[in-house]
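Remarks on the structure that follows.
All of these numbers come straight from a predicted model, not from anything done at the bench.
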Amino acid sequence: MSDFRTKVNSGKVKNRAPAQMQITAEQLLREAAERQDLTANNMAVVTNKVNDAEEYQSQLRLRRKGFEDEIRRQREHIGTWIKYAKFEESNKELTRARSIYERALEVDHRGAHLWLKYAEFEMRNEFVNHARNVLDRAVGVLPRVDQLWYKYCYMEELVGDLPKCRAVWERWMSWRPDDLAWASYAKFEMRCGELHLAKDVFERYTACYPGAKSFLKYARWAEHDARDATLARSVYERCLQELDAEDVTPKVYKFFALFEERHGEHERARVIYRHAVDAFEIDAEGGEQDDMRKDLYKAYVSFEKKYGDKEGVESLILSKQRAAYKKKTTADPTDYDSWLEWAKLEATHGDVASTRDVFERAVANVPPASEKRFWRRYIYVWINYALYEELEADDIDRASKVYKACLDVIPHRSFSFAKIWVLAAKNHIRRRDLDAARKVMGRAIGMCGKESIFSEYIGFELALGEVDRCRALYGKYLEAYPSNCEAWRKYGELEASVGETERARALLELAVSQQELDMPEVLWKAFIDFEIEQGEGTKARELFSRLLEKTGHVKVWIAYANFEASAVGEGLEAARGTYEKAYQRLKEEDLREERVLLLDAWREMEKSLGDSASVAKVEEMMPRRIKKKRMKTDASGVELGWEEYYDYAFKDDKKAGGNLKILEMAAKWKKAQQAAKAGEKRKIDDE
């Protein structure tokens with residue numbers, strides 16, 4: 001009890017005299033506001049409120065215990081160690097943080113990231129010797145990790161200890177690092193103002209890595225950083241002298257020439273380019289070109305464009321390209337694409353004689369095999385030759401001779417090309433020689449006889465207004481291809497266009513009576529459309545009836561019904577009768593999807609022409625879409641498993657009567673449930 005009184009009395013103010021420095025209320029408020037702003041800026045979120053030192057230490061113990069437990073669970077997880085150390089650092093427990101880093105290094109001493117974090121911790125807290133010790137240990141353990149060396153050199157340069165920094169660089173260079181490390185060392189010496197030492201670094205670099213890459217870096221540094229053109233030129237010359245011929249790449253010559261060009265030594269640059277061209281045989285016929293040689297050649301051409309004359313530049317380019325094409329065509333005379341490219345080059349930059357010479361040499365290489373696939377590109381060369389003579393050389397008579405020579409070369413008994421016949425005939429038409437054009441097309445029909453020949457020939461005569469010739473050609477066309485529905489259709493259109501309605505009707509009647517047709521639906525449609533255009537609804541109806549005897553396709557029924565609903569037909573009731581008849585026919589044949597298509601078309605017609613009652617009637621006939629399962633089998637009948645498919649359940653099908661009844665009952669029950677829920681909701685709303 002006495003101890004308690006002592007503690008209570010000890011808290012009383014014994015000296016009640018005024019203090020020597022008085023504080024006003026305004027100062028207290030200002031200090032409180034400043035602290036409040038500082039707290040708001042530095043502490044965005046306050047998690048715990050610590051009242052005294054004992055509670056603070058308790059919080060630290062809890063956090064440390066959490067970190068230690070996490071480390072025991074995942075000892076190899078370095079991220080936890082780093083967070084633990086940062087936590088201690090944030091609480092100014094630097095010794096503890098250092099101990100944590102050391103413990104982490106015992107777990108993973110090969111982790112460069114951990115060493116960097118350790119060194120950065122020491123540097124942040126201005127323990128330079130500790131940081132130096134950590135980095136020295138790090139580069140000793142991991143001498144091939146460049147990031148550790150960069151951090152070490154950066155720290156020494158940051159503290160201003162240049163001799164030690166240079167010693168670190170020298171220590172690193174003894175490990176023969178990559179190119180970037182040597183360049184960084186030279187930049188350090190440049191920052192220190194030691195140009196001769198930077199030069200010595202590059203000298204050691206080229207001695208350590210004697211190659212085109214190191215010499216080019218040295219020369220680039222001498223020109224741009226040291227600004228010593230004499231030194232840069234000497235480096236380029238040493239590169240060409242000291243390195244072996246196979247080690248000197250075209251890139252060296254290119255940069256050497258560009259260097260001389262930048263310093264106004266154009267003649268020296270031209271000599272270097274020419275020497276490089278001779279050394280690498282860039283313009284030789286058999287020289288293999290790679291990317292660096294192409295770049296060198298482009299640089300040479302660009303240089304000549306800047307400082308040479310126009311004729312020299314063009315001749316340089318053309319000679320190079322001609323040599324390349326000559327090499328390709330010599331290696332493979334049937335490489336017709338290369339011949340064409342060469343001919344286009346001569347047509348663009350050369351004269352007419354050189355272009356004709358290339359074309360003549362190209363067409364002289366006849367394909368060795370008598371197979372059409374080998375002749376396609378060859379004929380394309382002939383076509384380009386003829387077009388060049390007609391369009392570029394403006395010699396249409398010579399173009400005609402080219403077409404004739406091409407037709408004489410083709411082995412027509414084995415195969416032929418309709419395109420060349422057509423182009424030859426069009427050439428005669430442009431020469432205003434119709435007799436020659438007709439002779440060519442006549443020969444084409446006899447020797448080639450393709451459908452495109454007939455079509456083009458008929459097009460010629462039709463454009464000239466020769467209807468009788470067109471009829472004769474259509475006759476031969478149909479004799480050769482009696483199953484071609486397109487020819488029958490166009491023949492009928494021709495007769496209809498000249499007003500020969502009966503001839504057109506008889507012709508189409510003859511066409512649909514053929515036993516074999518490639519596309520009979522096109523022909524029947526053309527015949528029916530013809531009768532509709534003529535206003536012959538009865539004949540069109542008879543054609544529909546005849547067509548439905550041959551095929552009961554749903555599209556035919558739909559077209560028939562739409563015809564009845566049109567102005568030529570018998571009206572809406574006839575169309576409905578047609579739909580009902582079609583529906584019954586498809587129902588008998590059990591074609592469910594076709595029935596759905598028919599009902600959709602029927603519904604669209606009723607929406608556009610009928611009333612709401614007729615639309616509701618069709619809607620009532622629409623089926624339900626249901627999902628079913630069936631056993632899937634392969635071609636041999638082996639069962640592969642069950643698969644799902646969709647089927648349609650019509651109300652008027654007897655087989656599905658029971659299922660439909662169940663579905664109707666389910667639908668009625670669902671409607672009743674929805675109505676009951678709606679009534680309850682209205683009742684609740686009323687209350």
Count the heavy atoms of every other residue, nucleotide or ligand shown that sit under 6.0 Å from [atom1] of [X], and state whether that count exceeds 12.
{"X": "K539", "atom1": "NZ", "answer": "yes"}
{"X": "Q584", "atom1": "CD", "answer": "yes"}
{"X": "K372", "atom1": "NZ", "answer": "yes"}
{"X": "R398", "atom1": "CZ", "answer": "yes"}
{"X": "E516", "atom1": "CD", "answer": "no"}
{"X": "E620", "atom1": "CD", "answer": "no"}
{"X": "K490", "atom1": "NZ", "answer": "no"}

Tell me if a side-chain donor or acceptor on [X] pairs with a main-chain N or O of [Y] at a distance below 3.5 Å.
{"X": "S497", "Y": "L494", "result": "yes"}
{"X": "T329", "Y": "Y325", "result": "yes"}
{"X": "T551", "Y": "L548", "result": "no"}
{"X": "N384", "Y": "Y380", "result": "yes"}
{"X": "K607", "Y": "V615", "result": "no"}
{"X": "S608", "Y": "E604", "result": "yes"}

Between K404 and D408, does a salt bridge (charged side-chain N to carboxylate O under 4.0 Å, His left out) hold up when you go through it step by step? CA-CA 6 Å; K404 185 178 182 302; D408 294 338; 3.4 Å; yes
State, with a plain yes or no, whether a side-chain heavy atom of [X] is found less than 4.5 Å away from one of [Y].
{"X": "R603", "Y": "L599", "answer": "no"}
{"X": "Y477", "Y": "S455", "answer": "yes"}
{"X": "E536", "Y": "F530", "answer": "no"}
{"X": "R546", "Y": "W524", "answer": "yes"}
{"X": "R361", "Y": "D357", "answer": "yes"}
{"X": "P411", "Y": "W375", "answer": "yes"}
{"X": "E461", "Y": "I458", "answer": "no"}
{"X": "L434", "Y": "H428", "answer": "no"}

Charged N to carboxylate O below 4.0 Å: is that the case for E509 and R503?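 No, no charged N to carboxylate O under 4.0 Å.
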Between D529 and K525, does at least one N-O distance fall below 4.0 Å, as a salt bridge requires? yes
Search all heavy atoms of [X] against all heavy atoms of [Y] and return the closest pair with its distance.
{"X": "G492", "Y": "L507", "result": "N-CD2, 3.6 Å"}
{"X": "N365", "Y": "Y378", "result": "O-CE1, 3.5 Å"}
{"X": "V352", "Y": "A393", "result": "CG1-CB, 4.4 Å"}
{"X": "I379", "Y": "C406", "result": "CD1-SG, 3.9 Å"}
{"X": "S400", "Y": "N427", "result": "CB-OD1, 3.2 Å"}
{"X": "T334", "Y": "P368", "result": "CG2-CD, 4.4 Å"}

Going by distance alone, is a donor N or O of one side chain under 3.5 Å from an acceptor N or O of the other, for S416 and W421? yes
If we count only N and O atoms by modelled type, under 3.5 Å, do the side chains of E346 and S354 hold a donor and an acceptor together? yes
Check the pair V638 / T633 against side chain to side chain contact (heavy atoms under 4.5 Å, CB included), numbers first and verdict last. CA-CA 5 Å; V638 179; T633 58; over 6 Å; no
Do we get K581 above Y560's six-membered ring, with its NZ or CZ under 6.0 Å from the centre and within 45° of the axis? no
Find out whether the Lys NZ or Arg CZ of R541 is both under 6.0 angstrom from the six-membered ring centre of F563 and within 45° of the ring's axis. no
Derivation of the side chain to side chain contact (heavy atoms under 4.5 Å, CB included) call for D395 and R356: CA-CA 12 Å; D395 192 346; R356 286 174 177 170; 3.9 Å; yes
Could you state the interatomic distance from [atom1] ([X]) to [atom2] ([Y]), rounded to the nearest 0.5 Å?
{"X": "I383", "Y": "I420", "atom1": "CD1", "atom2": "CD1", "answer": "4.5 Å"}
{"X": "Y474", "Y": "L462", "atom1": "OH", "atom2": "CG", "answer": "7.0 Å"}
{"X": "R438", "Y": "I429", "atom1": "CZ", "atom2": "CD1", "answer": "8.5 Å"}
{"X": "C485", "Y": "L517", "atom1": "SG", "atom2": "CG", "answer": "4.0 Å"}
{"X": "W642", "Y": "K632", "atom1": "CH2", "atom2": "NZ", "answer": "14.0 Å"}
{"X": "K426", "Y": "Y403", "atom1": "NZ", "atom2": "OH", "answer": "9.5 Å"}

Y388/V402 under side chain to side chain contact (heavy atoms under 4.5 Å, CB included): CA gap, chis, key distance, verdict: CA-CA 10 Å; Y388 170 77; V402 172; over 6 Å; no
Parallel, tilted or perpendicular: ring planes of F454 versus Y481, cut at 30 and 60 degrees: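 If you compare the ring of F454 with that of Y481, the planes turn out perpendicular.
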Audit row: E606, R576, salt bridge (charged side-chain N to carboxylate O under 4.0 Å, His left out) steps and yes/no: CA-CA 9 Å; E606 294 292 351; R576 289 170 180 166; 2.8 Å; yes
Working note: E341 + Q321, criterion side chain to side chain contact (heavy atoms under 4.5 Å, CB included); need CA distance, chi angles, decisive distance, verdict. CA-CA 10 Å; E341 292 175 1; Q321 292 178 343; over 6 Å; no
Which of these, E531, E495, E533, sits in a salt bridge (charged side-chain N to carboxylate O under 4.0 Å, His left out) with R505? E531
